[in-house]
*Asks:* 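Okay, here's the structure, questions in a sec.
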Amino acid sequence: MAPKRKPARGAAAEERDPDGMFRGVSAFIVPQGVQGRRLEVWKQRLVQMGGRVVEKLDKGSAAAGVNHVLAMDAKALLRVLDAAWLHRFRGSVVSFEWLEECLKSGERLPERKFTINHEEEFKLKKAAGNGGSGASQPAKRSKISLRILGISREQVTRIGRSIQMQMRIKVQEASSGGPSIYAPADLNRNITKIFGRLIDIYRALGDDRRSFSYYKAIPVIEKLPFKIESAEQVKDLPTIGKSLKDHINEIVTTGKLSKLEHFENDEKSTLLQSVKPLPISTQFSFKVRTISLFGEVWGVGPATALKLYEKGHRTLDDLRKDESLTNAQRIGLKYFDDIRQRIPRHEVSEMEKFLQDVGKDILPGVIIVCGGSYRRGKASCGDMDIVITHPDGESHVGFLPKFVQRLKEINFLREDLIFSIHSVDGTDSGVDTYFGLCAYPGRELRHRIDLKVYPRNRYACGLLAWTGNDVLNRRLRLLADSKGYVLDDTGLYLATRGSGGKHAGRSDAIVNCHTEKDVFDTLGFPWLEPHERNL
DNA sequence: CGGCCGTACTG
DNA sequence: CAGTAC
DNA sequence: GCCG
């Protein structure tokens, strides 16, 4: 991210003493509970005396060198910043009193006495009302024995599943004890629920970009410690622009969103609408739902889902009869219900161990790690992402085929989706890939599993990419790009830009990164433990 | 207004 | 190549 | 959809 600092407005008029008492202070100011006029004066003073005011806090990443957060009190503070962020924040969090006293006395007073105890306030709030959630995640290896027969068969509504599942998980994790860090719960469900539906609708229609905009807004809204009652409270939140603000306004005033009603009731509002003048009816909701359902089949995306719908298919059973499906799609269909089931963490843990045992038998020293949401500490996983390498840098070659074969022999791997080998010929950076279905030993229920084998010198980037989450991946890649690199799961490269502007390509040589930390360091991104990568 | 991660497999 | 997936 |  290009470090664009915005000089505090008005500071230009006065001159600035870089050695003033606020030298080194880089502050974000929570503008609540204080008059704007007064605020401006403070900002001005701060800057005049060597400080810096950061106007916008880019949450998620460590906000551009901010080392002070100033607020009226804990309450105001938590209105704007979420507890999790504050918990991670290493600088001082002090009340405006500090600023006032410093200005009054003319010297920089110790900050200790003015520290805002937000942790305490948060706990109080939590105890008082809605249950907060713990960002606990220790996730030690649970040595639970395997004879657990029941598989939770919660019937997830087809529509809105992704969001709901995310929430469910969050709640699940929350219930384990530990120091309470983390954000509030359900307030504003009225809004996020509707956005969740929009996400699915737009995704089903193939408008991923738009879908993603709603997707990004949800966590931002969820983190708010209060119930939104007016669009005003939300107007300059990141990810919430004109349109979303209007949506929120409508939802909080009328309780619903006409746009969504349209989508669900009225055919004519569709984006996919072609020439035919379809009769107004409740068909759209049905169509969206159906397309959305089809799109949940592995290998079926928006385009294919639409084609299938227009062919007249309406149910998954209809699809089963269709001849045009690819191999993988057929498998996805056959095990549709299986794949949908989430895998309890302890089972993933056992399967990881199992894979390690089988692996080292074939190739001593082989490193096999389960990445994905499992590595990020989640309580349950949608699939398993297995990342593999070997310390010696060469004997990983040819491992995957043997591994897969063995895993099939012992009935762990069941169906193939994709299988490609490059370690031998050296193409694709020598990365071998297998996507398929597996079953927990002794069961038939299928799970999605991905196996990726990397040469040791590319392993760090592979592990990083396959641990995710996708938001972090995107952020890192963007950051890499801004710093003249190209990052993907096979390595970190020096970008070779053509004479023009755009990314022309990348150098052949990878920047040496032995560990994930090396990648973070090279990019200048603050290190995040795997469990901190749930952005 | 254009960009929105970057790359590989399938058919 | 478009579509899909990660 | 949002952002610069």
Side-chain angles (χ1 to χ4, degrees), chain A residues 1-2 4 6 56 58 195 198-199 201-203 205-218 220 235-248 257 259 271 294-308 323-332 339 371-373 382-387 416-422 427-436 448-452 458 461-482 485-493 495 501-503 505-506 523:
Chain A
M1 231 115 273
K4 39 210 133 184
K6 192 157 66 173
K56 210 155 187 182
D58 178 17
F195 283 9
L198 256 11
I199 290 172
I201 289 173
Y202 281 120
R203 192 192 309 151
L205 296 180
D207 192 346
D208 282 358
R209 300 267 153 68
R210 188 155 304 179
S211 169
F212 193 55
S213 289
Y214 289 98
Y215 177 78
K216 279 183 297 189
I218 286 187
V220 172
K235 75 172 190 317
D236 38 30
L237 248 36
T239 75
I240 299 197
K242 171 84 171 64
S243 190
L244 289 202
K245 191 199 67 176
D246 290 346
H247 289 174
I248 289 173
L257 187 62
K259 181 195 183 79
L271 304 163
F294 290 176
E296 285 180 60
V297 175
W298 199 93
V300 176
T304 309
L306 178 58
K307 269 180 210 154
L308 294 169
E323 297 298 302
S324 73
L325 295 196
T326 66
N327 237 15
Q329 289 166 340
R330 232 171 233 105
I331 292 169
I339 295 174
S373 56
D383 64 2
M384 289 192 291
D385 300 310
I386 309 296
V387 187
D416 305 335
L417 293 172
I418 286 180
F419 196 0
S420 72
I421 298 299
H422 291 283
T427 53
D428 187 18
S429 312
V431 178
D432 292 341
T433 303
Y434 175 89
F435 292 170
R448 276 279 297 106
I449 185 168
D450 298 340
L451 309 176
K452 297 276 273 185
R458 299 177 183 276
C461 289
L463 185 59
L464 180 60
W466 286 78
T467 295
N469 63 10
D470 55 345
V471 175
L472 176 64
N473 285 347
R474 242 183 299 260
R475 213 171 271 176
L476 288 176
R477 284 164 182 174
L478 243 10
L479 178 60
D481 185 70
S482 78
Y485 294 100
V486 175
L487 175 67
D488 64 39
D489 74 306
T490 68
L492 182 61
Y493 306 79
K502 313 290 177 212
H503 1 332
R506 60 192 202 190
L523 295 178

*Asks:* Rounding to an integer number of Å, can you tell me how far A:Leu198 CG sits from D:dC2 C1'?
*Replies:* 15 Å
*Asks:* Does A:Lys235 have any side-chain contact (heavy atoms from CB on, under 4.5 Å) partners at least two apart in sequence or in another chain, and if so, which?
*Replies:* A:Glu232, A:Lys245
*Asks:* Can you tell me which nucleotide in C:dC6, D:dC2, B:dT7 comes closest to the side chain of A:Ser243?
*Replies:* D:dC2
*Asks:* Among residues at least two apart in sequence or on other chains, which ones pass salt bridge (Lys or Arg N to Asp or Glu O under 4.0 Å) with A:Arg474?
*Replies:* A:Asp470
*Asks:* Less than 4.5 Å apart, side chain to side chain, heavy atoms only: is that true for A:Ile201 and A:Arg203?
*Replies:* no
*Asks:* Take the protein atom OH of A:Tyr214 and the nucleotide atom P of D:dC3, then report the distance between them rounded to whole Å.
*Replies:* 13 Å
*Asks:* Please list, pair by pair, any protein nitrogen or oxygen found under 3.5 Å from a nitrogen or oxygen in nucleotides 1-3 of chain C.
*Replies:*
residue : atom : partner  : partner atom : Å
C:dG3   : O3'  : A:Thr304 : OG1          : 3.3

*Asks:* How would you list, by chain and number, every residue that makes a side-chain contact (heavy atoms from CB on, under 4.5 Å) with A:Lys216, sequence neighbours excluded?
*Replies:* A:Phe212, A:Thr239
*Asks:* When all nucleic acid strands are considered with a 4.0 Å heavy-atom cut-off, which category describes A:Val297: base, sugar-phosphate, or nothing?
*Replies:* sugar-phosphate
*Asks:* Residues in side-chain hydrogen bond (donor to acceptor under 3.5 Å, both in side chains) with A:Asp432, at least two apart?
*Replies:* A:Ser423
*Asks:* Can you name the residues that form a side-chain hydrogen bond (donor to acceptor under 3.5 Å, both in side chains) with A:Trp298, not counting sequence neighbours?
*Replies:* none
*Asks:* What are the two closest heavy atoms between A:Ser373 and A:Gly382, and how far apart are they?
*Replies:* OG-N, 4.4 Å
*Asks:* For DNA chain C, report each stem as range with range, ordered by first number, or say none. Use Watson-Crick or G-U wobble pairs under 3.5 Å, at least 3 in a row.
*Replies:* B:6-11 with C:1-6
*Asks:* Within the structure shown, what part of the strands sits under 4.0 Å from A:Leu487 by heavy-atom distance: base, sugar-phosphate, or nothing?
*Replies:* sugar-phosphate
*Asks:* Under 4.0 angstrom, heavy atoms only, what part of the nucleic acid is A:Lys242 near: base, sugar-phosphate, or nothing?
*Replies:* sugar-phosphate
*Asks:* Would you please name every residue forming a side-chain contact (heavy atoms from CB on, under 4.5 Å) with A:Asp488, sequence neighbours left out?
*Replies:* A:Arg477, A:Thr490, A:Tyr493, A:Arg506
*Asks:* Give A:Asp470 one of three labels, base, sugar-phosphate or nothing, depending on what nucleic acid heavy atoms sit under 4.0 Å from its own.
*Replies:* nothing
*Asks:* Rounded to whole angstroms, how far apart are CG on A:Asp488 and C1' on C:dC6?
*Replies:* 12 Å
*Asks:* Measure across A:Leu487 and A:Cys461 and return the closest heavy-atom pair with its distance rounded to 0.1 Å.
*Replies:* CD1-SG, 4.0 Å
*Asks:* Going by the rule ring-ring contact (aromatic ring centres under 6.0 Å, His included), which residues pair with A:Phe435 if we only count those two or more places apart in sequence or in a different chain?
*Replies:* none
*Asks:* Taking side-chain contact (heavy atoms from CB on, under 4.5 Å) as the test, write out the residues that go with A:Leu257, two or more places apart.
*Replies:* A:Ile194, A:Leu198, A:His247, A:Glu250, A:Ile251, A:Lys259, A:Leu260
*Asks:* D:dC3 C1' sits how many Å from A:Phe212 CZ, rounded?
*Replies:* 13 Å
*Asks:* Which whole-number value in Å describes the distance from A:Tyr434 OH to C:dA5 P?
*Replies:* 17 Å
*Asks:* With sequence neighbours excluded, tell me which residues meet ring-ring contact (aromatic ring centres under 6.0 Å, His included) with A:Tyr434.
*Replies:* A:Phe419
*Asks:* Should A:Arg448 be listed as having a side-chain N or O under 4.0 Å from OP1 or OP2 of C:dC6?
*Replies:* yes
*Asks:* On DNA chain B, does the nearest nucleotide to A:Arg209 precede the nearest nucleotide to A:Asp489 from the 5' side, or the other way round? Give the residue.
*Replies:* A:Arg209
*Asks:* Let me know the distance between CD1 of A:Ile240 and C1' of D:dC3, rounded to the nearest Å.
*Replies:* 14 Å
*Asks:* From CG of A:Leu476 over to C1' of B:dG6, roughly how many Å is that when rounded to an integer?
*Replies:* 13 Å
*Asks:* Could you go over nucleotides 9-11 of chain B and give all protein N or O partners under 3.5 Å, atom names and distances?
*Replies:*
residue : atom : partner  : partner atom : Å
B:dC9   : OP1  : A:His422 : NE2          : 2.2

